[in-house]
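Step one of this worksheet: look at the structure below.
So you know, we letter chains A, B, ... as the sequences are listed, proteins then strands, and number each from 1.
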2 protein chains.
Amino acid sequence: MKVAKFGGSSVADSIQLKKVGEIIKKDPKRKFIVVSAPGKRNKDDFKITDILIRLGNAFLNNDAFEEHFSTVIQRFREIIEGLELDTSILSEIEQSIYTVLNANYSNEMKMDAIKAIGEDSTAKILSAYLNSLGLQASYVNPKNAGMLVSNEPGNAQILPESFSKIYALREEDGILIIPGFFGYTEDGQLMTFSRGGSDISGSIIAAGIKAELYENFTDVDSVYSVNPNIVDHPKEIKTLTYREMRELSYAGFSVFHDEALIPAFKEQIPVCIKNTNNPECPGTLIVSEKAPDEKCVVGIASDTGFCSLYVSKYLMNREVGFGRKLLNILEDEGISFEHAPSGIDDISIIIREKRLTSEKENIIIERIRNELHADTVSLQRDLAMVMIVGEGLVRTIGLAKKATVAIADANVNIEMINQGSSEVSMMFGIQSKDLNRAIQSLYSAYFE
Amino acid sequence: MKVAKFGGSSVADSIQLKKVGEIIKKDPKRKFIVVSAPGKRNKDDFKITDILIRLGNAFLNNDAFEEHFSTVIQRFREIIEGLELDTSILSEIEQSIYTVLNANYSNEMKMDAIKAIGEDSTAKILSAYLNSLGLQASYVNPKNAGMLVSNEPGNAQILPESFSKIYALREEDGILIIPGFFGYTEDGQLMTFSRGGSDISGSIIAAGIKAELYENFTDVDSVYSVNPNIVDHPKEIKTLTYREMRELSYAGFSVFHDEALIPAFKEQIPVCIKNTNNPECPGTLIVSEKAPDEKCVVGIASDTGFCSLYVSKYLMNREVGFGRKLLNILEDEGISFEHAPSGIDDISIIIREKRLTSEKENIIIERIRNELHADTVSLQRDLAMVMIVGEGLVRTIGLAKKATVAIADANVNIEMINQGSSEVSMMFGIQSKDLNRAIQSLYSAYFE
């Protein structure tokens, strides 16, 4: 059994939903379907969820909300008419909005219930559409699906007892259409996950029913091995491990909302990223483990906007607590950091530039000079991080050589290397101005 | 004006002391002479200070101490006779030992005073010998030299007000011979520095008189660029910065007791390591700053006996305080560590193997699994660290390439790279079994 989740672009209009119908029909294993709310149809379009939020805010502030209401209804009307469905669903959607607006909920809870209407309505529409195609399909409310969550409006966490309840859904007949993004507390109150939470719902359902595959339908064919804005037509990644995906998504790859994957990760469910607009393309598969012969470099990620705070002091490594005191100063000043590699008498702290204003910079440098009596304190801005990612990296003789040769060939100075702390990545710090050159040279070395 | 410090092997017998006399005579700038106690004349010999400690312990325990007493006196007698000096000095030394033994001191203070007799007597003998050569020289007791120290027997610390008192010594006539290893508290009690403390005395005097050079006479021609047990006849290092020396001495180079150099470091006094047995050899110069054109790789240090504790957990970098909790477990179990480089979802902790018994290993791994719910915890033993040291390392394009190519050419896998945290070194972790091969290949790349 598979779980298929369709994102906002896949359910944006009736044309897209017809593709979704085809995809579901094609594979009888696609029994569990999770949907987002309709997203943008083009780049100037709006997302239904954003309009619902405006509607909710207007209503709660006693402002006029009717325009937002009709925008939402108009969008759903177009979808329902495009799919040639009975318009009774539309009345049901209208009715559900009024029910929520007039419910005796706290403002926070009312907001959550309004936001959830996009996914909920889409699930009802898709279910009706599949029926119209002659498929046995039914809408399942998350409450009936067993999705119990904590009482944290807008940031609900799944409760562990949910998974066995969800497992029972395997026994239901036909295709089950479940709206993403929300669950219910033990006393029956609707709560949403954090934004982008349909990925979370899909991952929870996949873990709960112990799916053989969790398919995540988006609008890209696959994950690329390098940023296509830097290298033309880069190779597609066929298979990624969870760890590789994490490293890639840290440094610039927005593959996925990776926290969403925790439930699937824990049950070792493979995840496939596929394209609703090109479903024959195999997509990118995310797995727990790779066979040894598949272990090689899968991608090169990069991100700019880092700086490095360098502190040196003669005999630093004999001074108990120096590092801790240094990090305390940063914490005091509210600066979080990424890494803090240390030498013998020096330490470099890698910080995202946006977190360090020049005012804060001066305060921190002064404090380190005065309180820690450092010999040198300096800050280097405009750094970029390059991550070469692949399982088995640490076990390959000559791997660092390949990377350092490629970077030197591009005439780029390496400011920092961090290798070996991670088994699946090697990190280089270079100057931002050199980034494209370095990436292009690395891509040639590893992929051409 | 220069300060020349002569170590134990340089004053071990009258033959060596005659070389010391020649060296002092040769350069009139050598006005301040600091001496150790007589050391070993051959590898089966004893050091005077060790015998004095035995003497002191025996006396304080009411055991027979006469044998140790006569061993000390016999050694000094041979030196005095070899230098053809008046034996009245010997009576003076005998007398000073009895005075200390019978003084109304605490046991700790008495022990300090006994230990100091080796240096004190050597200074008196050298002074008399220089006089016999027709040089104007005088013994200066550290109390009269202005060496005020804290009241910490066996671990005295210099007091800041000493330096201006020492500066006044510049006005004294002739050559001043000052015993190393001890100073006096403000109320006049003798206190010794930590063992090897003659280096500390020399460095303090050099800082106090603002010497143009602090010469440290030993029994080697210079510091080598790599361990001579791994590479035959390696290049000698002509000039080192303080920072380079620190990095080298951390990873296997026992150049110097580097804490001893703090006073000289603070005053930016250049230090020269020279050979009493070959004073014409220029030795190795340690300086604060190097000219840009001298900035290159100066040495390759290495050390074995490390292990790496690897911990990974999905989404570790989102888990606030994970690293801190991990380090707390180590602290709880009394394990100190060297470095803790971190990736996104993993961290490696480099620990000296001798600090981690297999029993402790099991406890720590269990605790990390159970308390931190890590996905993977593993320990890799038998690691060696290789440090490539040189000012300006970070600014050289292709430098990491040179190193990684050399290591790959030796068919050695790199387990870890730490570059950029230090401005003067690049660190590689490899397996101990590969160490010699890697070092030989690196030496060829950088020095041949």
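From A:Ile414, atom CD1 reaches atom OG1 of B:Thr404 across 7.5 Å, with rounding to the nearest 0.5 Å. Separating the CG atom in B:Asp345 from the OH atom in A:Tyr242 is a distance of 13.5 Å, to the nearest 0.5 Å. Atoms CD1 and CE, from A:Ile417 and B:Met416 in turn, are 11.5 Å apart once rounded to the nearest 0.5 Å. Considering NZ of A:Lys266 and OH of B:Tyr314, their distance stands at 11.0 Å, rounded to 0.5 Å. Of the inter-residue distances, the one linking A:Met316 atom CE with B:Ser422 atom OG reads 10.0 Å to the nearest 0.5 angstrom. A:Gln419 contributes atom CD, which lies 12.0 Å from atom CD of B:Gln419 (distance to the nearest 0.5 angstrom).
Contact of A:Ile407 with chain B is not made at all, since no heavy-atom distance falls under 4.5 Å. Contacts between B:Asp375 and chain A at a heavy-atom distance below 4.5 Å involve the side chain alone, from C-beta outward. Residue B:Val311: no heavy atom, backbone or side chain, is found under 4.5 Å from chain A. Contacts of B:Leu327 with chain A are absent, with no heavy-atom separation under 4.5 Å from either backbone or side chain.
A donor-acceptor pair under 3.5 Å links the side-chain atoms of B:Asn418 to the main chain of A:Ser342, judged by distance alone.
Within a 6.0 Å sphere centred on CD of A:Glu289, other residues, nucleotides and ligands contribute 12 heavy atoms or fewer. Other residues, nucleotides and ligands contribute at most 12 non-hydrogen atoms within 6.0 Å of the CD atom of A:Glu331.
Interface remark: of the candidates A:Ser336, A:Ser312, A:Ala340, A:Ala400, A:Ala400 forms the most heavy-atom pairs closer than 4.5 Å to chain B. Considering only heavy-atom pairs separated by less than 4.5 Å from chain B, the leading option among A:Ile350, A:Ile347, A:Val405 is A:Val405. Residue with the most contacts toward chain A among B:Lys401, B:Met426, B:Lys402: B:Lys401 (heavy-atom pairs, distance under 4.5 Å).
Minimum interatomic distance between A:Gly420 and B:Ser348 (heavy atoms only, all atoms of both residues): O-OG, 3.1 Å.
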- Task: Evaluate the side chain to side chain contact (heavy atoms under 4.5 Å, CB included) criterion for residues A:Ile344 and B:Arg243: first the C-alpha distance (whole Å), next the side-chain angles of each, then the deciding distance (0.1 Å), finally the verdict.
- Result: CA-CA 9 Å; A:Ile344 311 305; B:Arg243 300 200 295 176; over 6 Å; no

- Task: Report the C-alpha separation of A:Asn411 and B:Ile397 in whole Å, then their side-chain angles, then the decisive distance to 0.1 Å, and conclude whether the side chain to side chain contact (heavy atoms under 4.5 Å, CB included) test is met.
- Result: CA-CA 7 Å; A:Asn411 199 32; B:Ile397 289 180; 3.5 Å; yes

- Stepwise side chain to side chain contact (heavy atoms under 4.5 Å, CB included) test for A:Asp346 and B:Glu247: CA-CA 10 Å; A:Asp346 21 28; B:Glu247 305 274 340; 3.9 Å; yes

